[in-house]
Number of protein chains: 2
Amino acid sequence: MRTPTGAGQRTATLSDVARLAGVSIATASKALNGRRQVKAETRAKVIDAAERLSFSPNALARGLLAGRTGTVGLLTSDLEGRFSIPILMGAEDAFGSGRTSVFLCDARGDAIREQHHVRALLSRRVDGLIVVGARPDPRASLGPDLPVPVVYAYAPSESADDLSLVSDNVGGGRMAVEHLIACGRRRIAHIGGDPTYGAARDRTVGVLGALADAGLELAGGKPFYGTWSEAWGRGATRMLLEQTPDVDAIFAGSDQIARGVLDALHELGRDVPRDVAVVGFDNWEAMAANARPPLTSIDIRLEHLGRIAAQRLAAAIDGEPTSGTEVLPCRLITRGSTAPQT
Amino acid sequence: MRTPTGAGQRTATLSDVARLAGVSIATASKALNGRRQVKAETRAKVIDAAERLSFSPNALARGLLAGRTGTVGLLTSDLEGRFSIPILMGAEDAFGSGRTSVFLCDARGDAIREQHHVRALLSRRVDGLIVVGARPDPRASLGPDLPVPVVYAYAPSESADDLSLVSDNVGGGRMAVEHLIACGRRRIAHIGGDPTYGAARDRTVGVLGALADAGLELAGGKPFYGTWSEAWGRGATRMLLEQTPDVDAIFAGSDQIARGVLDALHELGRDVPRDVAVVGFDNWEAMAANARPPLTSIDIRLEHLGRIAAQRLAAAIDGEPTSGTEVLPCRLITRGSTAPQT
DNA sequence: TTGTAGGCGTTATCAA
DNA sequence: TTGATAACGCCTACAA
């Protein structure tokens, strides 16, 4: 039976349960919340009644009283969700089985919309906020005056008073090159992404560090910067091979760039990984795993980032705030595009 | 100044505002809510006080009273968010500026977890639910007894009593083939995805319909089914061209498959679009726009789907429920992989 | 035009 | 062991 509102049965309240069980509201509450000041028999009666009415406590009323809602806001600006979704999933995981739910709001890179969402979330009395930036560069802080703790993930806050969690792009770049060196490569080039991104420059820093440690120089003489696209990966590769034909490895600034690199190498008749090894960045499964050959890539572990963000936020909500920027390590995922040189 | 909890200032309540403005709580409420039974001067005083305290009404208290929370649950099972994120964005759009916020929960294809999330959402007293399935095949209904309206998007409910919104896969397949015919192609083949997906089979139905209308037959004699992967696109294309070398168009069941098709055609020395035109499905921007040449694709308009879902849900919440399955049309996005034959 | 009072559904305190 | 009662923050009759 449906009511005219399109909804099923009206939700039962605690007083319905109490009435059905023949006890007071207070007793029903205690019974359901596992308080021990209630006779086992009574408790059973109440629980039975609650089940029969499929009672579910009103979190609003509860939150009103407790001053906590078990609710967290995730504010993103990442249109496609490529970054925020894994972060969200990690966060959901860490918050554990349903004690905390997540409001996801997309500001679409618009400051006005962001303010708007912040207000909406605060009026819903979220216990805290996770802010995921549109790109991994520092972004404006939401300010120090919010009534709830905030964790910035992926993109750090510009303010050192905030807590920010970011991926270790320097370490990631280093890791890629160290892997290539371990595979026996010596003529290693780097085709980076958009140089206006700090992440692109950081990765280069790692690249140069690892090369220096091994007493090597960057093949091609300098990093190549362009855009985060396959087209750039193709173009840069052609340019690179023309001027430096003896390259035996290319570290690409993203998996999309790497796809372009693979394409161009294929066209130029270079075998991957025999002639040239390739490493990507992001470990974007759909891109990396379906490449030919499958692409070795640096995984920035966004789910892990989300998990840590949730942990830090939970700690802050419980009165143990932290601040500063935490840099989380990347991870190498080895696939067919690199292989030890025999 | 930070309190020890890591949070900024405590949030002001209506009574704080009232006290600062020197009026009663009731008057403050009326003033802020635009009731006209209040002197302009008083109203100004109250509004000023509210701003000074950066007062924001407690949505919990409000919802408790009103029986509505301005909150909706979006329950997905789509690990990567490729489908649910656009749907979410469309829904957010339609719900408009912040009157309604969306809880996003990912059940990860696990029925237990889904039940769990449903309970959590209901206890938070969401006004309604949008359920996005993991794949576009019918899925189990959440049941008729929920206290709030539900809209199934992308994957329909198995129950006709529910309201479901799905993409028109038959129409999409037809649209792809009609476009190819309009481009002057006559030897059109279809490389589909996983045949256990109703969507894969539906697209074929559309293909065959369009061909029949034009008095054509499917090149290759039958649709090729496999998996939703680039590798399958490559393999199937080789197989197809071996047995039917005169193919002049391929409609792929997904953009990933289409990428594989393009790859294989390139290797086999067939020019796209001159020798063979290619159409994909999904209009997955990252895949389609970066393909070489850029891929014409059928867009299933997920944001639009989300927008309609939100509208239907809002209507149901306002007491105008609907049921049955609504089939939403696709859209053709033309790019370089098809072109009128000259 | 303003203020008083009751109630939304819970939980916690205290008395019975 | 149980039950009455007072919050939580807001809105809305109704009374002043």
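Bear in mind that the values here come from a model prediction, so they are computed numbers and not experimental data. Naming convention: chains lettered A, B, ... in sequence-line order (proteins, then strands); numbering from 1 in each chain.
- Rounded to 10 degrees, the angle separating the terminal axes of the helix from C/dT1-D/dA16 to C/dA16-D/dT1 is 50°, with each axis obtained from five end pairs.
- Looking at A/Asp318 and A/Arg68, a side-chain N of the basic residue comes within less than 4.0 Å of a carboxylate O on the acidic one, giving a salt bridge.
- Taking the salt bridge (Lys or Arg N to Asp or Glu O under 4.0 Å) definition, one finds that A/Asp168 meets it with nothing, sequence neighbours left out.
- Across residues 61-69 of chain A, A/Leu64, A/Leu65 each have a non-hydrogen atom less than 4.0 Å from an atom of DNA chain D (numbered order).
- Side-chain contact check for A/Ser157 and A/Ser159: no donor-acceptor pair (N or O, by modelled atom type) lies under 3.5 Å.
- Here A/Glu326 pairs with A/Arg312 under the side-chain hydrogen bond (donor to acceptor under 3.5 Å, both in side chains) rule; sequence neighbours left out.
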Could you walk me through whether B/Thr71 and B/Arg124 pass the side-chain hydrogen bond (donor to acceptor under 3.5 Å, both in side chains) check? CA-CA 9 Å; B/Thr71 276; B/Arg124 301 227 145 73; over 6 Å; no
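- Residue pairs meeting the salt bridge (charged side-chain N to carboxylate O under 4.0 Å, His left out) criterion with at least one member in residues 24-45 of chain B: none, sequence neighbours excluded.
- For B/Arg125, the salt bridge (Lys or Arg N to Asp or Glu O under 4.0 Å) criterion is met by no residue, not counting sequence neighbours.
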When you compare the protein's N or O atoms with those of nucleotides 1-3 of chain D, which come within less than 3.5 Å of each other, and at what distance?
residue : atom : partner : partner atom : Å
D/dT2   : OP1  : A/Thr42 : OG1          : 2.4
D/dT2   : OP2  : A/Lys39 : N            : 2.9
D/dT2   : OP2  : A/Thr42 : OG1          : 3.4
D/dG3   : OP2  : A/Ser24 : N            : 2.9
D/dG3   : OP2  : A/Ser24 : OG           : 3.3
D/dG3   : OP2  : A/Thr27 : OG1          : 2.7
D/dG3   : N7   : A/Lys30 : NZ           : 3.3
D/dG3   : O6   : A/Lys30 : NZ           : 2.4

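- Close approach of DNA chain C to chain B, defined as any atom under 4.0 Å from a non-hydrogen atom of the protein, starts and stops at C/dT1 to C/dG9.
- Residues meeting the ring pair (Phe, Tyr, Trp, His ring centres under 6.0 Å) test with B/Tyr152, sequence neighbours left out: none.
- Judged purely by atom type and a 3.5 angstrom limit, B/Ser123 uses its side chain to pair as donor or acceptor with the backbone of B/Ala120.
- Using a 4.0 Å heavy-atom cutoff across all strands shown, B/Ser29 reaches at least one base atom of the nucleic acid.
- For residues 106-115 of chain B, the pairs satisfying salt bridge (charged side-chain N to carboxylate O under 4.0 Å, His left out) are A/Glu92-B/Arg108, A/Asp93-B/Arg108, B/Glu114-B/Arg139, with sequence neighbours left out.
- The main-chain N or O of A/Gly70 is found under 3.5 Å from a side-chain atom of A/Asp127 such that the two form a donor-acceptor pair.
- Sequence neighbours left out, not one pair with a member in residues 69-79 of chain A passes salt bridge (charged side-chain N to carboxylate O under 4.0 Å, His left out).
- Partners of A/Thr325 according to the side-chain hydrogen bond (donor to acceptor under 3.5 Å, both in side chains) rule, which considers only residues two or more places apart in sequence or in another chain, do not exist here.
- Put simply, B/Asn33 has a side-chain N or O that comes within less than 4.0 Å of OP1 or OP2 on D/dC11.
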